[in-house]
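Side chains are part of it too, since the values below use all heavy atoms of this structure and drop only hydrogens, waters and symmetry mates.
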Amino acid sequence: MASTTTAKDTTKETTYFQLNNQINRPVNNQIPLHKDQEAVRAFFKEHVEPKTVPFASVAEKIDYLIANDFIEEGFISKYSQAFITELFQALYEKQFRFRSFMGAYKFYTQYALKTDDGDRYLERFEDRIAFNALFLADGDENLARHIAEEIINQRYQPATPTFLNAGRKRRGELVSCFLIQATDDMNSIGRVINSALQLSRIGGGVGVNLTNLRAAGDPIKKIENASSGVLPVMKLLEDSFSYSNQLGQRNGAGAVYLNVFHPDILRFLSTKKENADEKVRVKTLSLGVVIPDKFYELAASGEEMYLFSPYDVERIYGEPYAYVDITEEYDKLVAHPDIKKTKINARELENEISKLQQESGYPYVINIDTANRENPVYGTITMSNLCSEILQIQEPSLIKDNQEYEVMGTDISCNLGSTNVVNLMKTPDFGHSVETMVRALTYVTDKSSIEAVPTVKNGNDKYHTIGLGAMGLHTFFALKQMHYGSPESIEFTDAYFMLLNYHTLKASNKMAAERGTVFHNFEKSAYADGSYFDRYTEASFEFAHEKVAKIFEEQGIAVPTQADWQELKQDVQKNGLYHQNRLAVAPTGSISYVNETSASIHPITRLVEERQEKLTGKTYYPAPYLSNVTMPYYVSAYDMDMRKVIDVYAAAQKHVDQGMSLTLFMRSVIPEGLYEWKEGRTDKQTTRDLTLLRHYAHKKGIKSIYYIRTFTDDQEEIGANACESCTI
């Protein structure tokens, strides 16, 4: 029987922090990276090993964890004890070692299963992987082996809620990110507030679309000027997220989205200003704006723009405001005598957006026409999530006075996981690795059920959406001695994401054939009529840079040919696709530390990152694989022309059916010559810089922009506090 008696450390527990902190103290103008390795060894010797509960065998461990309500018995019972022991032993034989203190520290403090008093560890890293593999494979031994192989080799990493909760008896949900929308009636608003409370209670970050709500001054029951607009609903949502705070452990997190053609848009933006009146100011709620192409056109030409009453538009068009194509219908809306409208200057609104981004990092930006133009499935995308990478169709609900559904629409859960670019490029079989990841993610979408928000389950049941992403792109560039944003780096990104697209399509097609099921309305999609594949079948992909071609050649990774795409097109038209959506690039906060790679696909911000931990003070994280060789290629995002970052994201976006959490990194004092439009002017960041970057991103086909992070004169970062509920 395993003992859970607390073991006292025989050495000072602070040694590993002291060693880790020495990274930040150069010796002879050199970063003492070896101190981080010493910190890892000290962490295990002084902390992990003494505080890990010993078990004589895998069987004893499993029995103990089940008997004491740590692990569910249901998924374990789908396998023989012999297989479970074999899987655990295979993982132990890998002799995995963390390369950084931050990776080890993050895993053991945030993910490892602990005793009820929180003082001792019941899992090693390999154990958490094994439980994920067994849980996500749902009784399929071969799949369990493959999932374990992908995670232990750090080619694939489930999102935090999945990696943390898979297999646990007393667990949270497998997802922690949701999208819901309100329609213009009190029943819907009430349901949305309740959904926000319920999703926040289980640790979810929630995106809420408010575009459909009538504006301040619109009539209610034909009584003019009766509506208070969207601001009171924003305050209700913020209070809901604050109140439903997971037993006081962490405040809930939410983002609200509003179309720039909504009459409340200026008041909406003003809620985040530093000098906003406390009656309207929102402190913790994130803001996002939905921008149609027409706004860019009007702002570029300096024209006046009209804001249209959502109440009147829905009354005349017969559908909620968010579902009306503003760009297509703009002139008709302007000319319609029965639609109330307000005139403002487009450039002034554009400047207000830039000023707020400079001041707070908000609002997020969704280029909604780009998203819908590139959307291959039937339906309308109207909003995004807390990190702006989820772009899926939604169907509005119709709710009765008793809060039951007359028509149940569809809402969204973010079923996420991420590839590690550095390690996936070493896989012996790229296609097989990606298929394994798709199958692991499919279990999440198939099994996620939020009873309090049935529209989320309805969306999962109909569309089987997943979001496979990527992290470690800058690390890969540094290892291959490519500068971020160089032509070679853009070509590699193009090829890598084309491969992800191709192999997730193949996997989804294979699963559709196996299950005899396709996502809802597949027959109305560009996949079904074959038009989606034209971009790949009409022109072959050719490497322009020998260096990039050699990378794929040396790794034995074949880039699909026109014939390959043509064959896939025929297979998809024959058997369909199981998943409506497959790809999305999230911020990858915690999991990039555990995987010991750079976050998401954006550049690093520092050679040695400093983090302030709540209980232990500062910890330091050197850029992965930092050396004299890689250092020249690890240029900070703050010292980089953001157009280069946009170019890299644009190369990926061509192949990603959803969005990407594109963060822009600015300095309040911009180095001379960094942007050509700065020449001959002061070196201070201006709102014009942000405006030009948004227009550039729009022209490059970027669907969304997440935070604007600004590094100020006093070494502070504005807009740097990404939501923990949403970063995966």
Side-chain angles (χ1 to χ4, degrees), residues 175 177-196 198-199 204 206-213 256-259 290 310 313-315 317-326 328-329 366 368-369 371-385 390-400 403-415 445-446 448-467 517-528 576-582 584 657-659:
V175 292
C177 165
F178 304 90
L179 289 77
I180 57 178
Q181 66 172 326
T183 51
D184 190 32
D185 67 89
M186 195 60 73
N187 288 331
S188 175
I189 293 170
R191 188 85 197 195
V192 162
I193 299 298
N194 178 65
S195 296
Q198 298 298 334
L199 294 171
V206 188
V208 185
N209 187 14
L210 301 181
T211 294
N212 298 321
L213 303 190
V256 287
Y257 283 89
L258 196 72
N259 195 292
V290 177
V313 172
E314 181 172 352
R315 181 171 53 85
Y317 277 75
E319 59 182 347
Y321 189 36
Y323 290 83
V324 175
D325 186 334
I326 299 293
E328 180 72 24
E329 298 295 320
I366 306 300
I368 199 67
D369 288 344
N372 277 301
R373 194 162 42 245
E374 297 299 318
N375 176 32
V377 302
Y378 177 78
T380 302
I381 299 165
T382 65
M383 61 173 293
S384 188
N385 64 316
I390 298 300
L391 293 166
Q392 299 177 18
I393 66 164
Q394 285 169 281
E395 301 164 35
S397 298
L398 185 59
I399 301 170
K400 303 176 184 178
Q403 290 291 287
E404 293 180 354
Y405 289 96
E406 183 173 330
V407 176
M408 184 182 292
T410 56
D411 285 319
I412 299 164
S413 67
C414 314
N415 309 313
T445 188
D446 285 348
S448 290
S449 176
I450 313 297
E451 291 186 5
V453 191
T455 50
V456 170
K457 176 173 169 48
N458 193 34
N460 277 332
D461 289 347
K462 282 178 137 180
Y463 299 121
H464 322 133
T465 60
I466 60 174
T517 303
V518 297
F519 68 79
H520 181 63
N521 281 334
F522 166 79
E523 69 281 0
K524 298 178 182 179
S525 72
Y527 300 119
L577 295 172
Y578 185 73
H579 311 85
Q580 177 192 259
N581 298 93
R582 298 160 288 104
D657 58 344
Q658 297 187 71

Checklist entry - Yes or no on side chain to side chain contact (heavy atoms under 4.5 Å, CB included) for I466 and Y578, after CA distance, side-chain angles and deciding distance? => result CA-CA 10 Å; I466 60 174; Y578 185 73; over 6 Å; no
Next on the checklist: Q198 vs I450, test: side chain to side chain contact (heavy atoms under 4.5 Å, CB included). Steps then yes/no.
Outcome noted: CA-CA 9 Å; Q198 298 298 334; I450 313 297; 5.8 Å; no
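Legend: residues meeting ring pair (Phe, Tyr, Trp, His ring centres under 6.0 Å) with Y323, ordered by chain and number and at least two apart, are absent. In this structure E314 satisfies the salt bridge (charged side-chain N to carboxylate O under 4.0 Å, His left out) test with no other residue, sequence neighbours excluded.
Looking only at side-chain heavy atoms (C-beta outward), V313 and E329 stay at 4.5 Å or farther from each other. I412 places a side-chain heavy atom less than 4.5 Å from the side chain of I390. Counting heavy atoms from C-beta outward, L391 and I366 have side chains that approach closer than 4.5 Å. Contact of the Y405 side chain with the T455 side chain is registered, since non-hydrogen atoms from C-beta on lie closer than 4.5 Å. Using a 4.5 Å heavy-atom cutoff, the side chains of V518 and Y527 are not in contact.
N259 contributes no side-chain N or O that, together with a main-chain N or O of T211, makes up a donor-acceptor pair within less than 3.5 Å. Here the side chain of Q392 pairs no donor or acceptor atom with the backbone of C414 at under 3.5 angstrom. At least one donor-acceptor pair under 3.5 Å links the side chain of N212 to the backbone N or O of A182. Side chain of S195 to main chain of R191: a donor-acceptor pair is present (N/O by atom type, distance under 3.5 Å, no hydrogens or angles). In this structure a side-chain-to-backbone donor-acceptor pair under 3.5 Å is missing from N581 to T465. A distance-only check finds no donor-acceptor pair linking the side chain of S413 to the backbone of F178 [under 3.5 Å]. Looking only at distances, no side-chain donor or acceptor of S525 sits under 3.5 Å from a matching main-chain atom of V377. Judged by distance alone, the side chain of N521 and the main-chain N or O of Y378 form no donor-acceptor pair under 3.5 Å. Here the side chain of N372 pairs a donor or acceptor atom with the backbone of I368 at under 3.5 angstrom. Formation of a donor-acceptor pair under 3.5 Å by the T410 side chain with backbone atoms of E395 is found in this model.
A salt bridge links D461 with K457: the closest approach of a Lys/Arg side-chain nitrogen to an acidic carboxylate oxygen falls below 4.0 angstrom.
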